[in-house]
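Values below: every heavy atom of this structure, side chains too, minus hydrogens, waters and symmetry copies.
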Amino acid sequence: MSTTSYETRYASSPQTVKAYDTSQLREEFLINNLMQVSKINLVYTHYDRYIAGSAVPTEPLKLETIDPLKTSYFLERRELGIINVGERGEVLIDGTSYVLEHKDALYIGKGNKEVIFKSDNPKNPAKFYLNSAPAHKVFPTKKVSLPEAKKLELGSLETANHRTVNQMIIGGIVEPCQLKMGMTELKNGSVWNTMPAHTHDRRMEVYFYLDVPEGNSVCHFMGQP
């Protein structure tokens, strides 16, 4: 029985999005089924053919290809980035083991045929956040711990956006084709992860939030100004 499931999301024009109400915006842009125990859940998007997803292994989970890729294995023409936001776990890549502690990252290059996720303790499993993009060239697999990340101190307390950006999967740290991943840590008293609000014409972005205190929420404001 397959433990890898996916859904497809299509691109939306700014003119169309103006007419969306909150429920439609959530349906199009919010991924709300991540970190389900004993499953690999993926969203394949028509934004840059990007994939975002998660794997929470209570027993070994194998990453399988999905129909939109039209490949015999998942990384035949793609690269994969992982950040473990749970407890200690392991990723087996064609038989080679990489142990990921909490907030460790792993870059896996194109051409690796078998990716298996494991947890040290199934009762307190690893929680692997996954991003994948098309790749044109093979680059080496590499693990990056949080202390090894390139750190940028940005913003200020006065504008409520004082933060540390930990660049983990990026040129100079690893050699990716186009995939980039990092982790932003807000300072006490700050509430914005970007200021001012903005967009990128040269790439799309996916945000995953963790360590949000009980009773708190995250708000995204979108649309053309």
Side-chain angles (χ1 to χ4, degrees), residues 1-11 26-100 102-136 138-139 141-143 169 176-181 204-210:
M1 180 179 176
S2 174
T3 55
T4 301
S5 62
Y6 77 95
E7 64 172 293
T8 300
R9 300 277 182 99
Y10 295 91
R26 290 173 63 88
E27 185 175 342
E28 290 289 330
F29 297 102
L30 174 66
I31 303 173
N32 59 10
N33 67 341
L34 296 186
M35 302 305 166
Q36 291 186 350
V37 174
S38 303
K39 292 182 179 180
I40 298 174
N41 286 338
L42 306 172
V43 173
Y44 176 86
T45 81
H46 283 244
Y47 293 99
D48 298 341
R49 299 303 187 267
Y50 207 84
I51 293 175
S54 64
V56 184
T58 53
E59 57 186 32
L61 294 176
K62 181 179 178 180
L63 180 62
E64 299 167 327
T65 191
I66 58 176
D67 186 65
L69 304 185
K70 307 301 181 187
T71 57
S72 58
Y73 59 95
F74 191 90
L75 293 176
E76 189 172 332
R77 294 194 292 265
R78 302 184 72 85
E79 57 190 351
L80 176 67
I82 302 169
I83 296 178
N84 181 16
V85 300
E87 299 303 317
R88 179 186 171 105
E90 177 186 9
V91 184
L92 281 171
I93 306 167
D94 289 343
T96 300
S97 173
Y98 295 84
V99 175
L100 298 187
H102 183 61
K103 294 186 178 179
D104 281 352
L106 181 66
Y107 171 80
I108 307 175
K110 169 183 178 290
N112 289 283
K113 291 186 176 181
E114 186 177 69
V115 179
I116 298 174
F117 302 101
K118 295 182 176 182
S119 294
D120 274 20
N121 181 359
K123 294 182 179 179
N124 290 294
K127 296 178 179 179
F128 298 111
Y129 174 60
L130 314 176
N131 280 182
S132 176
H136 64 281
V138 175
F139 285 111
T141 297
K142 185 177 180 180
K143 173 184 169 181
I169 296 176
C177 288
Q178 62 171 326
L179 181 67
K180 293 177 172 59
M181 291 182 74
M204 61 89 70
E205 293 183 319
V206 180
Y207 292 90
F208 175 80
Y209 293 90
L210 70 154

Apply side-chain contact (heavy atoms from CB on, under 4.5 Å) to residues Leu92 and Lys118 and explain how you reach the verdict.
CA-CA 8 Å; Leu92 281 171; Lys118 295 182 176 182; 3.5 Å; yes
Provide the closest heavy-atom pair for Ile169 versus Ile82 in the form atom of the first, atom of the second, distance.
CD1-N, 4.3 Å
List the steps, then state whether side-chain contact (heavy atoms from CB on, under 4.5 Å) holds for Glu76 with Lys113.
CA-CA 7 Å; Glu76 189 172 332; Lys113 291 186 176 181; over 6 Å; no
Is the count of non-hydrogen atoms from other residues, nucleotides or ligands lying under 6.0 Å from Glu28 atom CD greater than 12?
yes
With a 4.5 Å cut-off on side-chain heavy atoms, are Tyr107 and Met181 touching?
no
Should we count NZ of Lys103 as having more than 12 external heavy atoms under 6.0 Å?
yes
Can you check side-chain contact (heavy atoms from CB on, under 4.5 Å) on Ile116 and Leu63, steps first, answer last?
CA-CA 6 Å; Ile116 298 174; Leu63 180 62; over 6 Å; no
Using the ring of each side chain (for Trp, its six-membered ring), is Phe139 parallel, tilted or perpendicular to His136, with breaks at 30° and 60°?
perpendicular
If only atom types and distance count, is the side chain of Lys143 paired as donor or acceptor with the main-chain N or O of Val99 below 3.5 Å?
yes
Nearest heavy-atom approach of Glu79 to Ala135 is N-CB, 3.8 Å
Among Glu205, Met204, Arg9, whose side-chain contact (heavy atoms from CB on, under 4.5 Å) with Tyr47 holds?
Met204
Any non-hydrogen side-chain atom of Tyr6 less than 4.5 Å from a side-chain atom of Val43?
no
Do Tyr44 and Glu7 have a side chain donor and acceptor closer than 3.5 Å?
no
Measure the shortest side-chain to side-chain distance between Ile40 and Phe128 over non-hydrogen atoms and say whether it is less than 4.5 angstrom.
no
Residues Lys39, Thr3; criterion side-chain contact (heavy atoms from CB on, under 4.5 Å); working and verdict
CA-CA 5 Å; Lys39 292 182 179 180; Thr3 55; 5.8 Å; no
Identified side-chain hydrogen bond (donor to acceptor under 3.5 Å, both in side chains) counterpart of Arg88 within the set Asn124, Asp120, Asn121
Asp120
Check whether any side-chain heavy atom of Phe117 lies under 4.5 Å from a side-chain heavy atom of Leu130, and answer yes or no.
yes
For Gly86, is there any backbone N or O sitting under 3.5 Å from a side-chain donor or acceptor partner on His102?
yes
Just so I know, are the side chains of Glu90 and Tyr98 near enough to count as touching, which here means a heavy-atom distance under 4.5 Å?
no
Would you check if the side chain of Ser132 reaches a backbone N or O of Leu80 as a donor-acceptor pair within less than 3.5 Å?
no
What is the minimum heavy-atom distance between Lys180 and Tyr50, and which atoms define it?
O-OH, 4.2 Å
All heavy atoms of Thr8 vs all of Pro68, minimum pair found to be OG1-CG, 4.3 Å
Return the minimal non-hydrogen interatomic distance between Lys62 and Thr4, and the atom names on each side.
O-OG1, 3.4 Å
Side-chain donor/acceptor of Asn84 to backbone N/O of Leu100, under 3.5 Å
yes
Side chains of Thr45 and Phe29: closer than 4.5 Å at any heavy-atom pair?
no
When rounded to the nearest 0.5 angstrom, what distance separates CD1 in Ile83 from OG in Ser54?
13.5 Å
Can you tell me how far CD1 of Ile51 sits from CG of Leu42, rounded to the nearest 0.5 angstrom?
6.0 Å
Short side-chain donor-acceptor distance under 3.5 Å, Thr71 and Arg77:
no
Minimum heavy-atom separation for Pro125 to Val56, with atom names?
CG-CG1, 3.8 Å
Working to the nearest 0.5 Å, report the span between CG of Asn32 and CE of Met35.
13.5 Å
Assess the side chains of Asn41 and Gln36: does a donor N or O sit below 3.5 Å from an acceptor N or O?
yes
Is the closest side-chain heavy-atom distance between Ile108 and Leu106 below 4.5 Å?
yes
State whether the side chain of Asn112 and the backbone N or O of Val115 hold a donor-acceptor pair below 3.5 Å, judged by distance alone.
no
For Pro122, does its backbone N or O pair with a side-chain atom of Thr58 as donor and acceptor, under 3.5 Å?
no
Hey, does the side chain of Ser119 reach the backbone of Pro57 with a donor-acceptor pair shorter than 3.5 angstrom?
yes
